[in-house]
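Worksheet for the structure shown next.
Chain A is the first sequence line, chain B the second, and so forth, proteins listed ahead of strands; every chain is numbered from 1. Quantities reported herein were computed from a predicted structural model and do not represent experimental measurements.
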Number of protein chains: 2
Amino acid sequence: MKLTNSEWQLMNCLWERHPATARGIAERLPDDVTWAYTTIRTLLARLVDKGAVREYKEGKTSLYEPLLARDTARRSALKTLVNQAFDGAYGPLMHFLVNDRRLSRQQREALARILENQSEKKGE
Amino acid sequence: MKLTNSEWQLMNCLWERHPATARGIAERLPDDVTWAYTTIRTLLARLVDKGAVREYKEGKTSLYEPLLARDTARRSALKTLVNQAFDGAYGPLMHFLVNDRRLSRQQREALARILENQSEKKGE
DNA sequence: GCTCACTTACGACATTTGTAGTATTTTCAG
DNA sequence: CTGAAAATACTACAAATGTCGTAAGTGAGC
């Protein structure tokens with residue numbers, strides 16, 4: 001199940017709190033996202049189509065609830081990225097993370113050691 | 001600089017060996033990618049447009065060379081993913097990686113320890 | 001019962017992405 | 001030189017994505 005960028009925004013809101021109305025989601029979107037109400041509706045409809053979200057009526061109001069689990073979506077996004085940009089293997093991704101400057105020297109060294117082990121074992 | 005999926009395929013070939021001709025790239029694409037020659041040309045043109053690739057003539061043949069560094073592209077893709085799916089922070093990404101079953105128990109435990117340190121420091 | 005504000009249903013439209021086709025120019029083997 | 005094979009340039013086009021607009025329905029007060 002692949003989500004587009006805008007779909008992630010909505011899903012993030014939904015995962016955080018659900019069920020939710022379209023209006024409720026609108027209110028909890030990040031400040032830099034200023035979509036028209038109908039835009040949100042359209043996106044939700046697409047998500048329902050994809051089977052990532054369930055829509056049901058409570059009286060007359062539409063409520064939305066995620067069907068797709070956040071972890072599942074994350075795993076899938078990560079896999080896509082890894083295939084696309086890291087030769088399809090998690091090793092290179094880890095490697096990259098290690099060599100990147102977001103970790104302190106200590107953390108990097110420790111991680112690097114782990115990676116050595118991992119590469120000897122040849123992961124999936 | 002954002003690359004699309006098919007652009008990644010091409011770039012991966014280019015990073016591996018360059019400069020390269022369109023034909024040369026065609027030959028080194030993964031087996032499951034069977035694009036027409038013109039498709040590759042179109043994609044390369046788009047990459048040149050974006051400034052990710054440089055095209056120049058060696059005599060009459062067009063040669064292509066990456067301008068965008070692989071690491072830069074990776075960093076950017078990772079950042080996009082993190083923003084989209086991991087609350088914009090690398091911590092949750094690491095966390096996810098650790099809890100995922102791609103690492104052996106040992107590796108996971110070691111990584112987890114590292115992460116504890118990291119979260120105390122509050123990363124970017 | 002009528003109106004106003006909000007919700008819903010549906011359609012719309014520009015851009016981006018994936019994937020080629022065609023027509024023209026070059027090139028290379030005979 | 002000649003004709004076939006390869007390269008270029010340009011155009012095309014459907015599907016996916018981002019982003020609404022409008023018209024019709026509905027419920028809550030006056």
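In this structure, Lys57(A) reaches the sugar-phosphate backbone alone: every heavy-atom distance under 4.0 Å involves primed, P, OP1 or OP2 atoms, never a base.
Taking Asn83(A) as the reference, nothing meets the side-chain hydrogen bond (donor to acceptor under 3.5 Å, both in side chains) condition, with sequence neighbours excluded. Under the side-chain hydrogen bond (donor to acceptor under 3.5 Å, both in side chains) criterion, Arg70(A) pairs with Asn12(A), Asp87(B), sequence neighbours left out. Applying the salt bridge (charged side-chain N to carboxylate O under 4.0 Å, His left out) criterion to Arg23(B), with sequence neighbours excluded, gives no partner residue. For Ala36(B), the side-chain contact (heavy atoms from CB on, under 4.5 Å) partners are Thr38(B), Thr39(B), not counting sequence neighbours. For the side-chain hydrogen bond (donor to acceptor under 3.5 Å, both in side chains) test, no residue two or more places apart in sequence or in another chain qualifies with Lys2(A). Checked against salt bridge (charged side-chain N to carboxylate O under 4.0 Å, His left out), Glu55(A) has no partners two or more places apart in sequence or in another chain.
Taking every heavy atom of residues 34-55 of chain A and every atom of DNA chain C, pairs under 4.0 Å involve Tyr37(A), Thr38(A), Arg41(A), Thr42(A), by number. Applying a 4.0 Å cut-off to non-hydrogen atoms, the residues of residues 5-29 of chain B that approach DNA chain C are Asn5(B), Ser6(B), listed by residue number.
In this structure, CD of Gln84(A) is placed 14 Å from C1' of dG18(C), rounded to the nearest angstrom. Taking atom CD of Glu58(A) as the reference point, atom C1' of dT7(C) lies 16 Å away to the nearest angstrom.
In this structure, Val33(B) belongs to a hydrophobic cluster whose other members, linked by side-chain heavy atoms under 4.5 Å apart, are Met1(B), Leu3(B), Trp8(B), Leu10(B), Met11(B), Leu14(B), Trp15(B), Ile25(B), Leu29(B), Trp35(B), Ile40(B), Leu43(B), Leu44(B), Leu47(B), Val48(B), Val53(B), Tyr64(B), Leu68(B). Applying the 4.5 Å side-chain rule to ILVMFWY residues, one finds Leu63(B) in the same cluster as Tyr56(B).
The closest donor-acceptor contact from the side chain of Arg54(B) to the backbone of Leu67(B) lies at 3.5 Å or more, if one exists at all. Under the 3.5 Å distance criterion, the side-chain polar atoms of Glu16(B) are left unmatched by any main-chain donor or acceptor of Cys13(B).
Atom CG of Leu93(A) sits about 9.0 Å away from atom CZ of Arg74(B), to the nearest 0.5 Å. Considering CZ of Phe96(A) and CG of Leu78(B), their distance stands at 6.0 Å, rounded to 0.5 Å. Rounded to the nearest 0.5 angstrom, Leu81(A) CG and Thr80(B) OG1 are separated by 9.0 Å.
If you walk DNA chain D from 5' to 3' and mark each nucleotide with an atom closer than 4.0 Å to a heavy atom of chain B, the marks span dA7(D) to dA9(D).
One axis for each end of the helix from dG1(C)-dC30(D) to dG30(C)-dC1(D), each built from five base pairs, and the angle between them comes to 10° at 10° resolution.
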